[in-house]
Amino acid sequence: MRHLLSPMDFSVEELDKLLQLASDIEKNPDKYKHMCEGKKLATLFYEPSTRTRLSFESAMLSLGGNVLGFSSADCSSASKGESVSDTIRIISCYADICAMRHPKEGAPMVAASKSSIPVINAGDGGHEHPTQTLTDLLTIRSLKGRLDNLKIGLCGDLKFGRTVHSLINALVRYKNISFVLISPTELRIPDYIREDVLEANNIPYEEVENLEEAMSSLDILYMTRVQRERFFNEDEYIRLKDRYILTKEKMNYANENMLILHPLPRVNEISVEVDDDPRAVYFKQVQYGVYVRMALILTLLELV
Ligand code: NCD
């Protein structure tokens, strides 16, 4: 039985296969609409989410399956003191597969070690968010036609932004990838990503503070929000939250083929006037998130 705890759990070949399946689902949704009949997906969300939880549910429903679950720790027995290990043993009796989001790093891994059904990490604290990464990879592959030979700018909260950590982990395995890491000093990428992932793989990267200067050379600009809930100090959050705001004017610095991605939710970091720019693909990205989660469910349930 397989779980998805990190994008590294799949080899590049397996990822290619999964993304290919997602693209086929996009083109031929009818072919897949009964494949999960009689199967149940549990969504165990100990932390708020709109997109991730609903996109999992939408994915399972589009495959003909059913869904059950909870959307906050307060609505579950966690509020009575039940451990993740116990909860997953119970859920294993109710569902065929589960997606778990938890504020503590590593919680889905603990769950996987006690589970008799596949566990998908739907975001663990500031650590990883592998299904957002699958979404990002499918978006880039579908709209750029490749996952190699790319210069990717990652902008915003690179310290706490788990989507960024997972995306870097996944992309370093493709050829000729380089990164421009754009953040205030306080929100720089953690050392374990800089040293163990970027430097260990000899990946070219720069760390800069200025967004406009970085933009002209990028193929992809991945914007992120400042992760308010992971700050210890509200004043620090307020000081940093509006450091980067992508406006229509700033888009003049970008080349005509640069794509703007964002895992969403957006706060202030992309002004709404940018939404009409054909290079802004963050709402398309949401749709790719459903196709890729359909592909993931089929793969982990070994139905393809
Ligand atoms: C992201 C997350 O939860 O890390 N959201 C998402 O799942 N699309 C990004 C964020 O919350 O900023």
Side-chain angles (χ1 to χ4, degrees), residues 4-7 22 41 43-60 69-73 98-108 119-140 152-171 181-184 187 189-190 193 220-231 237 240-246 259-270 275 280-294 296-297:
L4 177 69
L5 303 173
S6 151
L41 164 81
T43 50
L44 314 179
F45 277 62
Y46 294 85
E47 208 187 42
S49 158
T50 312
R51 251 157 314 280
T52 307
R53 186 171 58 85
L54 295 184
S55 67
F56 267 113
E57 297 191 356
S58 168
M60 191 52 159
F70 53 83
S71 58
S72 89
C98 85
M100 175 183 283
R101 168 167 292 192
H102 203 286
K104 285 209 182 105
E105 284 83 359
V119 175
I120 301 169
N121 177 3
D124 60 330
H127 184 219
E128 293 237 50
H129 193 345
T131 61
Q132 181 63 47
T133 296
L134 298 179
T135 304
D136 303 338
L137 295 179
L138 181 63
T139 307
I140 299 172
I152 297 131
L154 299 158
C155 177
D157 187 346
L158 309 187
K159 180 178 178 187
F160 296 117
R162 55 193 174 195
T163 60
V164 166
H165 307 160
S166 290
L167 185 58
I168 294 179
N169 257 316
L171 280 171
L181 306 173
I182 309 154
S183 75
L187 298 178
I189 201 92
I193 301 278
I220 307 283
L221 173 61
Y222 194 90
M223 294 295 293
T224 62
R225 88 184 155 92
V226 177
Q227 305 276 304
R228 179 181 201 159
E229 65 277 35
R230 315 228 184 270
F231 276 72
Y237 166 73
L240 294 170
K241 75 182 173 66
D242 291 329
R243 175 68 71 88
Y244 299 105
I245 301 182
L246 184 61
L259 298 182
I260 313 161
L261 275 71
H262 190 308
L264 303 178
R266 153 175 65 186
V267 188
N268 281 332
E269 57 283 352
I270 303 181
D275 297 356
V281 298
Y282 30 89
F283 291 115
K284 283 191 190 157
Q285 200 178 341
V286 177
Q287 183 64 61
Y288 285 119
V290 180
Y291 300 135
V292 93
R293 287 184 176 95
M294 289 170 77
L296 179 65
I297 292 170

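Just follow the structure's listing: the first ligand is 1, and inside any ligand the first atom is 1. Numbers for residues simply follow the sequence, beginning at 1.
- Remark: the backbone N or O of Tyr46 is not paired with any side-chain donor or acceptor of Ser72 at under 3.5 angstrom.
- Asp242 meets the salt bridge (charged side-chain N to carboxylate O under 4.0 Å, His left out) test with no other residue; sequence neighbours excluded.
- Under the rule for a ring-ring contact (aromatic ring centres under 6.0 Å, His included), Tyr244 has no partner lying at least two apart in sequence or in another chain.
- Contacts of Arg51 classified as salt bridge (charged side-chain N to carboxylate O under 4.0 Å, His left out), with partners at least two apart in sequence or in another chain: none.
- A donor-acceptor contact closer than 3.5 angstrom is absent between the side chains of Arg225 and His262.
- Among all heavy-atom pairs drawn from Pro7 and Ala170, the shortest one is CB-CB, 4.0 Å.
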Tabulating one pair per line, provide the atom names and distances (0.1 Å) for every N/O atom of ligand 1 that is less than 3.5 Å from a protein N/O atom.
from	atom 1	to	atom 2	distance (Å)
ligand 1	3 (O)	Arg101	NH1	3.4
ligand 1	3 (O)	Arg101	NH2	3.2
ligand 1	3 (O)	Arg162	NH2	2.9
ligand 1	4 (O)	Arg162	NE	2.8
ligand 1	5 (N)	Leu264	O	3.0
ligand 1	7 (O)	Thr52	OG1	2.8
ligand 1	7 (O)	Arg101	NH2	3.1
ligand 1	7 (O)	His129	NE2	2.7
ligand 1	8 (N)	Gln132	OE1	3.1
ligand 1	8 (N)	Pro263	O	2.8
ligand 1	8 (N)	Leu264	O	3.0
ligand 1	11 (O)	Arg225	NE	3.3
ligand 1	11 (O)	Arg225	NH2	2.8
ligand 1	12 (O)	Arg225	NE	2.7
ligand 1	12 (O)	Arg225	NH2	3.4
ligand 1	12 (O)	Gln227	NE2	2.7

